[in-house]
Undergrad: 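Quick one: structure below, then a few questions.
Throughout, a chain's letter reflects where its sequence line sits, starting with A, and its residues are numbered from 1.
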Number of protein chains: 2
Amino acid sequence: MSSPAPAGKAPAGASRAAGSVSGKDVRLAAETWESLFRSQVAVMRRLQSGPAFKKLPVNEYDVLFTLSRCPTGKLRLNEINDHVLLSQSSLSRLVDRLEKRGLVERSIAPEDGRGILLGLTEAGLELQKEIGREHVRDIAELLLPALTAAEQQELMRLTEKLRAKLPG
Amino acid sequence: MSSPAPAGKAPAGASRAAGSVSGKDVRLAAETWESLFRSQVAVMRRLQSGPAFKKLPVNEYDVLFTLSRCPTGKLRLNEINDHVLLSQSSLSRLVDRLEKRGLVERSIAPEDGRGILLGLTEAGLELQKEIGREHVRDIAELLLPALTAAEQQELMRLTEKLRAKLPG
DNA sequence: GGACGATAGATGCAAATGCATCTAGTTTGG
DNA sequence: CCAAACTAGATGCATTTGCATCTATCGTCC
């Protein structure tokens, strides 16, 4: 967690390619990110402490969730890894745990012998749905009283745009 | 982690106190949170991998940063803990590490003998500023091309409002 | 087609994290 | 004023994480 920006004046000899970047611009970006970051922390803290995640840690649920939304039902480990804030090795071991609990199954990627396809088992799908139901309820309890529908729409639009326009 | 919402229909027998909550409301909230969450992960992943955080892990920087913005320069551990996505014990040990590196100092809270006040040392302040400068530059590089100034303002407003209206 | 560099994932090992518990100081109730 | 309940933070210990490295497959270039 380190979103914040310090107080430096920074006339900054940074990129002057197209539109030159002012200190004001930089400060706004830093404050915006900090606000986004702190909100995420605050919401996540509350969600994590709910009863929904006694059954499965949040990171592990997220993998089940991600698989559940995928149309084909199977994803490569590296695709999942982009989605999640975990190192490659941590994800690998997290999947070990899920597999040992019988919630997911590894299989070899048909088009790439190095790759691993991960899919939900029946039990994994059940558990995902079960936790998911509680989870959504918790989310709604936090967001509905805080933001109007229009504000939520706008927040979603902005965060989607941000994500879409990131490099990589 | 686990932001997402599953696909359940959920006519939901939930709270019907004031304005009744529709399935649509719930779905919008869940999608909004997922988008916020994924954006945060995507941005954080890029920030973390930058050179700014080779010197100090992100969580540790965040504590230094938090202290640096506090007017009095000192904060209670439990106050810091609210800010950060870490358990109480993890924060306690994180502070041990910072203290061993000479970046912060513990002192006893004057009004409460149980409490610990944490303050930056000179070295801690220096390091915070140094990392902070790079960090802000990285943030600006990610956000400026993605969102206009007006959009950033709005994103900041919405995330601030969300955080302010959370229970607790 | 065989060597060379790149990529997907797994693994050894040290460090970080969380849960449960412990200690010590504070507040409350009688 | 003392005991019981509560709060702030520290600590033992098992689990999780990340870095570095390793193995195996893929792609390329000659």
Side-chain angles (χ1 to χ4, degrees), chain A residues 1-2 41 44-63 67 74-101 103-119 168, chain B residues 1-2 41 44-51 53-64 67 74-101 103-119 168:
Chain A
M1 344 283 201
S2 113
V41 168
M44 182 58 89
R45 183 175 269 294
R46 284 161 173 92
L47 290 176
Q48 261 185 311
S49 65
F53 294 106
K54 302 305 177 193
K55 303 167 184 176
L56 204 66
V58 180
N59 281 341
E60 304 192 10
Y61 170 72
D62 196 23
V63 170
L67 287 170
K74 287 176 187 287
L75 285 171
R76 293 281 297 267
L77 290 189
N78 57 0
E79 298 176 296
I80 296 174
N81 214 144
D82 296 334
H83 231 226
V84 162
L85 204 50
L86 271 180
S87 69
Q88 179 268 317
S89 60
S90 296
L91 177 62
S92 179
R93 283 190 243 253
L94 186 154
V95 169
D96 287 348
R97 272 171 266 147
L98 292 177
E99 201 173 26
K100 251 166 233 151
R101 287 181 60 170
L103 301 171
V104 300
E105 273 169 348
R106 274 189 243 243
S107 55
I108 299 196
E111 297 300 328
D112 185 342
R114 300 165 295 182
I116 296 288
L117 273 180
L118 199 67
Chain B
M1 328 234 180
S2 114
V41 167
M44 181 59 89
R45 182 175 270 295
R46 284 160 175 89
L47 290 175
Q48 260 185 316
S49 66
F53 294 106
K54 301 305 176 190
K55 303 167 182 175
L56 203 67
V58 180
N59 280 342
E60 303 190 11
Y61 169 72
D62 197 24
V63 170
L64 299 190
L67 286 170
K74 287 177 187 288
L75 285 172
R76 293 283 296 270
L77 290 190
N78 57 1
E79 298 176 296
I80 297 174
N81 215 145
D82 296 334
H83 229 230
V84 161
L85 202 50
L86 271 180
S87 69
Q88 179 269 318
S89 60
S90 296
L91 177 63
S92 179
R93 282 189 242 254
L94 185 154
V95 169
D96 287 347
R97 273 171 265 147
L98 292 177
E99 200 173 28
K100 253 165 231 152
R101 288 181 59 170
L103 301 171
V104 300
E105 273 169 349
R106 274 188 243 242
S107 56
I108 300 200
E111 297 299 330
D112 185 341
R114 301 165 294 182
I116 296 287
L117 274 179
L118 200 66

Undergrad: In whole angstrom, give the distance that lies between atom CZ of Arg93(A) and atom P of dT17(C).
TA: 17 Å

Undergrad: Counting only side-chain nitrogens and oxygens, does Ser87(A) get under 4.0 Å of the OP1 or OP2 atom of dG18(D)?
TA: yes

Undergrad: Using five base pairs at each end, measure the axis-to-axis angle across the helix from dG1(C)-dC30(D) to dG30(C)-dC1(D) and round it to 10 degrees.
TA: 30°

Undergrad: Consider the side chain of Ile116(A), meaning its heavy atoms from C-beta on, and name the nucleotide among dG9(D), dA10(C), dT17(D) that approaches it most closely.
TA: dA10(C)

Undergrad: Taking all non-hydrogen atoms of both residues, which atom of Leu118(B) and which atom of Leu67(B) are closest, and how far apart?
TA: O-CD2, 3.2 Å

Undergrad: Given 3.5 Å as the limit, does a donor-acceptor pair link the side chain of Glu79(A) with the main chain of Arg76(A), or not?
TA: yes

Undergrad: Determine: side-chain N/O of Arg97(A) to OP1/OP2 of dT17(D), distance under 4.0 Å, yes or no.
TA: yes

Undergrad: Can you measure Asn78(A) atom CG to dA10(C) atom P for me and round it to whole angstrom units?
TA: 11 Å

Undergrad: Roughly how many Å is it from CZ in Arg45(B) to C1' in dT17(D), rounded to a whole number?
TA: 13 Å

Undergrad: Working note: Val41(A) + His83(B), criterion side-chain contact (heavy atoms from CB on, under 4.5 Å); need CA distance, chi angles, decisive distance, verdict.
TA: CA-CA 8 Å; Val41(A) 168; His83(B) 229 230; over 6 Å; no

Undergrad: What pair of heavy atoms forms the shortest contact from Val104(B) to Val95(B), and how long is it?
TA: CG2-O, 4.2 Å

Undergrad: Compare the minimum distances between each of dT17(C), dG9(D), dA8(C) and the side chain of Arg76(B), then state the nucleotide with the smallest one.
TA: dG9(D)

Undergrad: Specify the residue among Arg114(A) and Leu86(A) whose closest nucleotide of DNA chain D lies further upstream toward the 5′ end.
TA: Leu86(A)

Undergrad: Is any side-chain N or O of Ser92(B) closer than 4.0 Å to OP1 or OP2 of dG9(D)?
TA: no

Undergrad: Can you work out whether Gln48(A) or Ser90(A) has the more 5'-proximal nearest nucleotide on DNA chain C?
TA: Ser90(A)

Undergrad: On DNA chain D, compare the nucleotides closest to Gln88(A) and Asp112(A); which residue's is nearer the 5' end?
TA: Gln88(A)

Undergrad: What is the distance, rounded to the nearest whole Å, between atom CD of Glu111(A) and atom C1' of dA8(C)?
TA: 15 Å

Undergrad: Leu94(B) CG to dA10(D) P: how many Å, rounded?
TA: 12 Å

Undergrad: Flag the pair Arg45(A) / Asn81(B) as yes when at least one side-chain heavy-atom distance between them is below 4.5 Å, and no otherwise.
TA: yes

Undergrad: Any side-chain N or O of Ser89(B) below 4.0 angstrom from OP1/OP2 of dG18(C)?
TA: no

Undergrad: Is the shortest side-chain heavy-atom distance between Leu117(A) and Pro110(A) below 4.5 Å?
TA: yes

Undergrad: Could you state the CG-P distance from Asn81(B) to dT7(D), rounded to the nearest angstrom?
TA: 15 Å

Undergrad: Whole Å only: how far is the CG atom of Leu85(A) from the P atom of dT17(C)?
TA: 13 Å

Undergrad: Whole-Å distance between dG18(C) P and Phe53(A) CZ?
TA: 15 Å

Undergrad: What is the minimum heavy-atom distance between Arg106(B) and Glu99(B), and which atoms define it?
TA: NE-OE1, 3.0 Å

